[in-house]
Structures are given as structure tokens and as C-alpha cells.
Engineer: 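Got a structure here, written out as C-alpha cells. Questions coming.
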Amino acid sequence: MTVDRLILGRPLRGVAFDAAVSGLVVLVAVLGLLAEQGGLPAFAVGVAMAAVLFFRRTHPSLVAVAVAALALAQVVVGWGPLGYDIGVLIALYSVVKYADRLRDGILAGIGAAIGVLLASLQMPNAAYWWAGALYYGLVTGAVWLVGLNVRTRRLYVLSLEERAATLEREREAESRAAVAEERTRIARELHDVVAHSMAVMIVQADGVRFTLDRDPATAREAAKVVADTGRQALEEMRRLVGVLREPSRPEPPPVTDEPAAEPAHRRPALVELPALLDRFRAAGLRIACAGAGTPVALPPGLELTVYRVVQESLTNALKHAGVGASVELTLDWDADAVVVRAVDDGRGRPVVRPAPSGGHGLVGMRERVGVYDGSLAAGPTLAGGWRVEARLPLPASAGTEEGSVAA
């Protein structure tokens with residue numbers, strides 16, 4: 001254990017407390033010996049009772065039987081109630097609280113009631129035995145009820161802990177399934193990208209073969225396209241293999257699971273961002289889109305990742321911020337990275353049928369961004385909304401293109 005050391009298979013604090021309880025019973029027995037109550041035999045019974053009580057947590061039923069036998073011997077000898085008989089109450093409380101079956105606690109309560117009656121008959125003033133029986137009965141009954149109440153609360157807490165552990169295991173299983181499904185989706189899309197690149201290479205290579213003699217300049221340009229496309233396809237293939245090989249790390253189960261907005265064979269691009277934003281505006285979001293820097297041509301896989309991050313961010317805003325929420329979407333193009341940032345104000349109203357997403361919420365975004373060695377930050381804002389920011393490094397071969405994707 002990380003908090004307590006173990007002694008005899010029990011936490012150190014529990015052992016220390018049980019030792020203190022046994023020591024208390026021994027102390028009471030010593031005081032009885034000094035007061036000449038029963039002499040050395042009675043003291044020996046008290047010490048034996050204290051020694052047995054040390055194991056009251058691990059063997060509550062056996063301890064209750066042993067303490068009852070010692071108390072019965074005390075009654076048979078005729079010593080009457082003594083101070084260390086507090087051990088009987090401790091054993092009764094322990095068996096009610098710690099026994100595996102409540103039946104043991106009920107039997108211990110019946111035995112304690114019989115013991116109370118026998119002890120009352122040995123009171124010095126036999127005419128008032130009923131008063132002693134009433135007093136000891138009330139004390140014993142109160143101890144039994146306290147033990148039952150603590151047992152009930154203890155079992156309730158244990159059930160809550162077991163339920164929490166079960167839910168945690170289910171959350172981890174759902175998370176692993178979500179990550180596996182999202183990685184399968186990413187692998188399929190990257191495979192489509194590689195297949196497209198290979199098709200381009202084949203067409204260009206055929207063009208080189210037919211124009212090599214008649215138009216060497218065109219052939220050289222086509223050969224350059226083949227080489228560039230091949231390098232890009234090789235890089236995408238490396239990322240594809242990395243997605244399939246990399247072990248999954250459990251994430252919290254997403255709350256944004258929805259079917260994909262596009263068919264599996266269709267690969268959206270950044271040129272379709274205005275249409276995507278229009279769909280979310282029609283669904284009820286107020287989107288302000290801006291950009292900084294000069295957009296550049298991205299590899300198809302990276303372009304798809306940017307599109308999916310925007311799509312998932314807006315879907316989460318529609319689901320959780322609600323219809324009527326305001327979202328500030330920005331795409332910042334730096335020399336070495338593109339940063340996608342979506343911040344909502346969280347002031348919309350709940351949506352009944354949210355727009356479909358492209359994957360598994362934050363899990364999907366994190367997996368996609370991780371494929372391209374990017375970083376993702378998501379969390380609440382001080383104003384009560386939600387902020388998602390993804391930073392994706394740009395490849396060295398990314399070329400500048402005119403225009404903006406802002407809508």
C-alpha cells in the first residue's frame with residue numbers, strides 16, 4: 001500500500017488501533033486486580049479477553065465466540081459483572097460491523113441478551129435484578145444498533161467504490177474502443193490519400209514516357225511531379241503505418257460521438273470550409289471566422305486533419321454551448337505551422353438534434369493531430385465557454401497559394 005505499511009496483512013493504523021483497544025481492556029483488568037475484584041484468576045480472564053480482541057477485525061465471529069466463552073466462565077464462577085466486561089460490548093460491536101454475514105451479528109446479539117440476563121441475576125441486590133437487566137440490556141442494545149448502523153454505512157461505501165471501479169473500467173473500455181475506431185477511420189482516409197497519390201504518379205509517369213522524345217521540357221516537369229508526389233505518398237504511408245502500430249492510450253470517453261457527415265469514400269478539403277460553416281450557421285451557431293497569415297497548399301492528409309478539427313470543434317460547440325452560441329474560429333498560418341482555434345461563449349440553448357460530427361470528439365481530434373506531430377489543447381474558458389486549439393506543423397515542402405479560407 002502507498003499510505004499504510006502492512007502488519008499481519010493489515011494496515012498499520014488498524015493494527016495500532018486494535019492494540020490500543022486491547023490495551024484499554026488490560027488496563028481495566030489491572031484496575032480490577034488492584035481493587036481486589038476476583039483476584040488473579042479474574043485478571044487472567046480479562047487479559048485473555050484483551051488478547052482475543054486484537055483479532056476482532058480479521059476474525060470477528062471467532063472473537064465473539066471466544067469472548068462469550070470467557071464471559072460465561074466468569075458467570076459460572078460467580079464473579080459478577082466486572083470492568084473488563086467492556087470487552088463483551090467491543091466484541092459484539094465488531095461482529096455486527098465486520099462479519100461477512102449479518103446472521104452472525106444477530107446470533108451474537110441473542111447471546112449477549114442471555115448474558116445480560118445471567119449477569120443481572122448475580123447482582124449483589126437480587127431483588128432489583130430487573131433494574132440491572134434493563135440497564136445492561138439498554139447499553140447492549142445501543143451498541144448492537146450502532147454496530148448495525150456502521151455496518152450499513154460501510155457496505156454502502158464499499159458498494160459505491162465497487163460501482164465507481166466498474167464505471168472506470170467501462171470508461172476505459174469505451175475509450176479504447178473509441179480510439180481504435182478513430183484510428184481505423186484515420187487509416188482508411190490516409191489510405192485513400194496514398195491511393196490518390198499513386199494514381200497521379202502513374203498518370204504522370206505515362207505522360208513522361210510519351211513526351212520524353214517530343215517535348216523534353218514537359219517530360220522533365222512531369223518527372224518532377226512524379227518525384228514530389230512519390231515523396232509525399234511515402235510520407236503519408238509512414239504516417240499510416242504509425243497510426244496502425246502505435247499503442248492506444250486510454251482517454252476519457254468522448255461525449256461527442258456522432259456518425260460522419262460525409263460518406264466514407266468522400267474526402268473533404270479546406271476549399272469546402274465555407275460550406276461547412278454555412279451548415280453550422282443554419283443549425284444555429286453564430287460563427288465569426290478569421291485568419292492570419294498566408295494559406296499554403298497542404299498535403300491531402302494534413303488538409304483533411306485541419307478540416308476535421310474545425311468540424312469537430314463546431315460540433316462540440318453546437319452540442320454543449322447550444323443553439324445561438326457565438327463561436328470565434330480562426331486559422332493562423334505561420335511559417336512553420338497552422339493553428340486552428342475555436343472559442344465559444346457557452347451561452348446558447350440546448351440542441352435537440354445536433355449536427356453530425358466527423359469522428360469521436362476530443363479523442364478523434366487528439367489522434368488526428370498526433371499523427372502529424374501536432375498538439376491539441378481543450379478546456380473551459382473563464383467566461384464560461386469552451387476553447388479548442390490545435391497546432392499542426394507544416395511540412396517543409398508546403399507551397400504558398402493565394403487566397404484565404406476564411407468565410
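We use all heavy atoms of the structure for the numbers below, so side chains are in, but hydrogens, waters and symmetry mates are not.
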Engineer: Does atom CG of D100 have more than 12 heavy-atom neighbours, drawn from other residues, nucleotides or ligands, at distances under 6.0 Å?
Structural biologist: no
Engineer: Within the structure provided, determine whether I287 and F280 are in side-chain contact (heavy-atom separation under 4.5 Å).
Structural biologist: yes
Engineer: Taking the basic N atoms (NZ, or NE/NH1/NH2) and the acidic carboxylate oxygens, is any pair closer than 4.0 Å for E161 and R154?
Structural biologist: no
Engineer: With heavy-atom distances below 4.5 Å as the criterion, would you say the side chains of Y84 and V45 are in contact?
Structural biologist: yes
Engineer: Side chains of D18 and L53: closer than 4.5 Å at any heavy-atom pair?
Structural biologist: no
Engineer: Can you find a side-chain donor-acceptor pair between R169 and T166 that sits under 3.5 Å?
Structural biologist: yes
Engineer: Any carboxylate oxygen within less than 4.0 angstrom of a Lys/Arg side-chain nitrogen, looking at D332 and R391?
Structural biologist: no
Engineer: Any non-hydrogen side-chain atom of L285 less than 4.5 Å from a side-chain atom of V323?
Structural biologist: no
Engineer: Can you confirm whether Y135 sits close enough to V139 that some side-chain heavy atom of one is under 4.5 Å from a side-chain heavy atom of the other?
Structural biologist: yes
Engineer: Contact between M365 and S313 at the side-chain level, heavy atoms closer than 4.5 Å - yes or no?
Structural biologist: yes
Engineer: Are D85 and Q74 packed together at the side-chain level, in the sense that at least one heavy-atom pair is separated by less than 4.5 angstrom?
Structural biologist: yes
Engineer: Is it true that, when you exclude I86 itself, more than 12 heavy atoms of the residues, nucleotides or ligands shown sit nearer than 6.0 Å to its CD1?
Structural biologist: no
Engineer: Is any side-chain heavy atom of L298 closer than 4.5 Å to one of V306?
Structural biologist: yes
Engineer: Of T381, V388, T330, which is the lone residue that meets side chain to side chain contact (heavy atoms under 4.5 Å, CB included) with V343?
Structural biologist: T381
Engineer: Do any pairs count as a salt bridge (charged side-chain N to carboxylate O under 4.0 Å, His left out) and have a residue in residues 103-116, sequence neighbours left out, and if so which ones?
Structural biologist: R101-D104
